[in-house]
Amino acid sequence: MPVVIGAGITEQWYFTHLKALKKLQIQIRPRFFGNEHIQALTKRVEHVLSTEGRAVVVFDKDVQAWDSGEKARYEAFIKRYGKDRRVAICDSMPSIEYWFLLHYLNTNRYYGTSKAVVEELLRFIPKFEKTDRFLHARKWVEELCADGKLELATERALAFGDEGESYTNIPNLFLT
């Protein structure tokens, strides 16, 4: 069963709730969340591959827009794991919140930052905030999954691909 490795609490809570709601065959371990840097993600991937066998890596790509060192590490990460069938790379540009937005809006317009996506997302999830208090409650993920929105977001993400200014590879989780 694949282990999800993620950048922060948003990813941790989202996949924890999604696993329960959709009965996904994934493992969520809090110790594998909380660091956005590719170097830390690489160490976690290596650990999971040596002990569990399969990894799903979820992270925001916006950091690389302003950090050339991190961009180089990202490119090396993709070169190393991009074709490894044991690793599903689920990056989003600029952030996972873009994935959430696709549940409501058919767009791949440029969002330069996570903050810009969250501002748009607030039109659809008015109380959304990146805090434990909000994210811990399962209701927001239930709403993302209601009325076929999860499937719609998946279709939109796959149709846009990962060549645009904003994109998400979260559907790679469902394809593994």
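This chain uses plain numbering: 1 for the first residue, then up along the sequence.
- Between H47 and F32, the two ring planes are tilted [angle within 30° to 60°].
- In this structure, T168 contributes its side chain and I170 its backbone to a donor-acceptor pair below 3.5 Å.
- Residue pairs meeting the salt bridge (charged side-chain N to carboxylate O under 4.0 Å, His left out) criterion with at least one partner in residues 96-114, sequence neighbours excluded, are E97-K130, R109-E120.
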Tell me, with the steps shown, if L121 and Y111 meet side chain to side chain contact (heavy atoms under 4.5 Å, CB included). CA-CA 12 Å; L121 187 60; Y111 293 94; over 6 Å; no
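- Put simply, the side chain of L150 does not reach to within 4.5 Å of the side chain of L21, judged on heavy atoms.
- Using cut-offs of 30° and 60° on the angle between ring planes, the pair Y14 and W140 is tilted.
- Tracing side-chain contacts under 4.5 Å through hydrophobic residues (I, L, V, M, F, W, Y), one never reaches F160 starting from Y110; they form parts of separate clusters.
- Judged purely by atom type and a 3.5 angstrom limit, E11 uses its side chain to pair as donor or acceptor with the backbone of G8.
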List the steps, then state whether side chain to side chain contact (heavy atoms under 4.5 Å, CB included) holds for R54 with V87. CA-CA 6 Å; R54 293 183 61 212; V87 180; over 6 Å; no
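- At least one donor-acceptor pair under 3.5 Å links the side chain of N172 to the backbone N or O of I89.
- In this structure, E165 and N108 have side chains that are not in contact, with every pair of non-hydrogen atoms separated by 4.5 Å or more.
- When only modelled atom types and interatomic distance are considered, Y167 and D91 share a side-chain donor-acceptor pair under 3.5 Å.
- For F124 and F100, the distance between ring centers is not under 6.0 angstrom.
- Side-chain contact between I28 and W13 is absent, with no heavy-atom pair separated by less than 4.5 Å.
- Taking hydrophobic clusters as Ile, Leu, Val, Met, Phe, Trp and Tyr residues chained together by side-chain heavy-atom distances below 4.5 Å, L49 shares a cluster with I78.
- Judged as a side chain to side chain donor-acceptor pair (under 3.5 Å), the pairs with a partner in residues 141-153 (not counting sequence neighbours) are, in order, K139-E143.
- Side chain of D60 to main chain of I96: a donor-acceptor pair is present (N/O by atom type, distance under 3.5 Å, no hydrogens or angles).
- E75 pairs by the salt bridge (Lys or Arg N to Asp or Glu O under 4.0 Å) definition with nothing, not counting sequence neighbours.
- Taking 4.5 Å as the limit, every side-chain heavy atom of K71 sits out of range of all side-chain heavy atoms of K61.
- Taking the six-membered ring where tryptophan is involved, the planes of H103 and W99 are perpendicular, since the angle between them exceeds 60° and thus also 30°.
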Before giving the answer on salt bridge (charged side-chain N to carboxylate O under 4.0 Å, His left out), spell out for E129 and R133 the whole-Å C-alpha distance, their side-chain angles and the decisive distance to 0.1 Å. CA-CA 9 Å; E129 55 184 46; R133 183 176 50 92; 2.7 Å; yes
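- Using a 4.5 Å heavy-atom cutoff, the side chains of Y98 and M93 are not in contact.
- In this structure, OH in Y74 is found 11.5 Å from CG in L41, a value given to the nearest 0.5 Å.
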Go through the steps for L144 and L18 under the test side chain to side chain contact (heavy atoms under 4.5 Å, CB included), then give the verdict. CA-CA 10 Å; L144 285 173; L18 192 64; over 6 Å; no
For I125 and Y104: C-alpha separation, side-chain torsions, deciding distance, then whether side chain to side chain contact (heavy atoms under 4.5 Å, CB included) applies. CA-CA 10 Å; I125 309 174; Y104 299 97; 3.8 Å; yes
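- Side chain of K19 to backbone of I26: a donor-acceptor contact under 3.5 angstrom is found.
- Using a distance-only test at 3.5 Å, with no hydrogens or angles considered, no donor-acceptor pair links the side chain of R73 to the main chain of Q39.
- Distance alone, capped at 3.5 Å, is enough to place a donor-acceptor pair between the E70 side chain and the I38 backbone.
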